[in-house]
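Reading through the structure tokens given below for one structure.
Owing to the predicted nature of the structure, the values given are computational and were not obtained by experimental measurement.
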Amino acid sequence: PPAPLTVPAIAAFAVDMDGTSTTTEPLALHALEYMVRRITGRMERAAWPGLDAPRDIPFVIGTSNFRHTEFLLQRYHDALNSAAFSTSVIEAWVWTLVTMNDRQRLAEVRRNAVNCGVAALLDDEELRTACAAPPAPGACAVLMARLAQRHAGAFRPPHAGTEVAAALDVYYHRYHELLHEIEQGRGAALADELLGGGGKHLIAPMPGYGVFLCLIKGWLSDEAAAALAPLLRAVHPHDTAARDGDQAVLQRLARQFRGQPAKLALVTASIAYEAHVSMQEVMRVVREEIAAWPVAPAVRDALRENLRDYRAVFDGFATASDAWEARLKPHRDLYSLSLYQMSIPAACYQHCMAIEDTEPGIVSARAAGFGISIALPNHDTTRQNYTKASRVLHGGLPELLLDHTLFLNL
């Protein structure tokens, strides 16, 4: 049952990643569109304009990547090109086996290759050599094309489930390829290329995320919190006009959490590799933002140092690598795991807040026992059903902090 919406204290927060903590949804949508282009052979916009906003986007946001891929495969099945499909999948497998270190991802690729009749690829001496001594990117691309040509004829997914799993590997290939580029410092250039410039990031904090972190961890003095009120109001999507009470609100929150810092968990349906790279990049961008905050230099330095290692910020870190694909959101497993990782006793669940941007995430948190579940829709998730949420706030974290004081009875 839901807890009273206003509580005297919050023991812990569990926050979704994509669309709530970060802006990784554009990266995921790009990779899904790339997957459809590869398996249909329609790489140019003249051949296919891309994902359709009203007919596709609502169904490829907020659940698991398997479900997103399943939907797109059904939607565009008539356009599948068997040669393009087999080539793109085998190239994805080769790239993953040669490049990735995530054990779960590697195991999934090997299993999918066997299930699709291409077990011979795994015994190919050329692939084995490349896995032992990964080639340079250019040489890897040549290897991918050569092995795809050699083994594509064996590609025979026996049923719809293995077909979806194979297509999903094409998605992961593109997604992880871009993550590797971001790790190497090419995030800004990629964002310009894929998002059209304008200073956008493929991976960046959602508005207000940095202030939220520093507040709930108890790192802000009254003076520093008051100084950040105008910045937070400026990124409020619905009400950017300064209010007289904004500074007092943040000061009350700062005092509350200095006395009782909250625990924090990240809960995401992304695999561990994606979550770790994404949060590393998010913290880097937050540190850049803090460098311009209107607080004393010593305060800026201390806050940036606190965020130097993202792993020290989180008390729980629950990802898809911690559960089976079939037990991701809306099932309770990941949120239940986050409560366990944060060592929250059941008696305190009603004083825990989950912050999500999707219906499956809200259902997952409620099923796990979170007393407060706040939905923060974004432009990609506005069509979802949020009736299970404690409250729906279209103003994101700035509204949650400034207008509702995190629903604390202060």
Side-chain angles (χ1 to χ4, degrees), residues 26-57 59-61 65-100 105 108-109 112-122 124 126-127 130 137-181 190 193-196 202:
L27 185 60
L29 289 171
H30 165 81
L32 286 169
E33 183 172 301
Y34 174 89
M35 176 199 72
V36 175
R37 290 189 182 283
R38 286 300 311 271
I39 66 179
T40 61
R42 302 180 298 184
M43 296 302 296
E44 303 298 327
R45 293 194 66 83
W48 179 57
L51 295 178
D52 183 272
R55 299 181 64 189
D56 292 337
I57 301 301
F59 304 99
V60 295
I61 293 291
N65 290 323
F66 187 92
R67 297 303 179 200
H68 300 161
T69 303
E70 181 180 49
F71 169 81
L72 291 173
L73 202 59
Q74 292 173 352
R75 169 107 155 82
Y76 294 102
H77 203 275
D78 290 346
L80 278 182
N81 180 301
S82 58
F85 192 9
S86 60
T87 296
S88 62
V89 172
I90 293 175
E91 287 184 353
W93 290 340
V94 173
W95 184 90
T96 302
L97 292 168
V98 169
T99 305
M100 293 288 293
R105 186 85 276 274
E108 288 171 349
V109 162
N112 291 342
V114 172
N115 290 342
C116 291
V118 199
L121 170 69
L122 305 178
D124 192 295
E126 195 170 5
L127 177 63
C140 185
V142 174
L143 174 69
M144 289 159 56
R146 186 162 56 244
L147 291 179
Q149 184 177 22
R150 187 180 303 164
H151 294 281
F155 181 73
R156 295 286 189 278
H159 56 77
T162 51
E163 195 173 58
V164 172
L168 181 57
D169 286 335
V170 179
Y171 161 83
Y172 277 131
H173 171 204
R174 180 58 172 168
Y175 194 91
H176 295 155
E177 185 178 48
L178 293 177
L179 287 182
H180 275 261
E181 292 289 307
L190 283 173
E193 176 186 341
L194 301 178
L195 303 180
L202 283 169

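Counted by atom type alone, W93 and N112 present zero donor-acceptor pairs between their side chains at under 3.5 Å. Between Y172 and N65, the side chains place a donor N or O and an acceptor N or O closer than 3.5 Å (distance only, hydrogens not considered).
For the pair V114 and A119, the tightest heavy-atom approach, listed with the atom from each and the gap, is CG2-CB, 4.1 Å. Here the shortest heavy-atom pairing between V118 and F155 reads CG2-CA, 3.7 Å. The minimum heavy-atom distance linking F66 with A165 is given by the pair CE1-N, 4.2 Å. Summarising the geometry of G41 relative to N81, their closest heavy-atom pair is N-CB, 4.5 Å, with the distance given to 0.1 Å. The nearest pair of heavy atoms linking A166 to V89 is O-CG2, 3.7 Å. When all heavy atoms are compared, the tightest approach of F85 to E163 is CE2-CG, 3.5 Å.
One finds the OG1 atom of T87 at 12.5 Å from the CD1 atom of I39 (value rounded to the nearest 0.5 Å). Here I90 contributes atom CD1 and H151 contributes atom NE2; the two are 7.5 Å apart, rounded to the nearest 0.5 Å. The CG atom of L178 lies 6.0 Å from the CG atom of L194; values are rounded to the nearest 0.5 Å. Distance check: H30 NE2 to L202 CG gives 8.5 Å after rounding to the nearest 0.5 Å. Distance check, rounded to the nearest 0.5 Å: CZ of R146 to CG of L127 gives 11.5 Å. With rounding to the nearest 0.5 angstrom, the CD atom of E91 is 13.0 Å from the CG atom of D169.
D52 is listed as a side-chain neighbour of R75, based on a closest heavy-atom distance under 4.5 Å. Residues Y175 and M35 fail the side-chain proximity criterion, which asks for heavy atoms closer than 4.5 Å. When side chains are defined from C-beta on, T69 does not count as touching V170, because their heavy atoms never get closer than 4.5 Å. The side-chain heavy atoms of R42 and Y76, taken from C-beta on, include a pair separated by under 4.5 Å. Counting heavy atoms from C-beta on, the side chains of H176 and L179 come closer than 4.5 Å.
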- Criterion side-chain contact (heavy atoms from CB on, under 4.5 Å) on L72 and L51, from CA distance to verdict: CA-CA 9 Å; L72 291 173; L51 295 178; 3.8 Å; yes
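With hydrogens and angles ignored, the 3.5 Å screen pairs a side-chain donor or acceptor of S86 with a backbone N or O of A83. A distance-only check finds a donor-acceptor pair linking the side chain of T162 to the backbone of H159 [under 3.5 Å]. In this structure, R156 contributes its side chain and C116 its backbone to no donor-acceptor pair below 3.5 Å.
The 12-atom threshold is exceeded at CD of E126, counting heavy atoms of other residues, nucleotides or ligands nearer than 6.0 Å.
In this pair, H173 and W95 present their aromatic rings tilted. The plane angle is within the 30 to 60° band.
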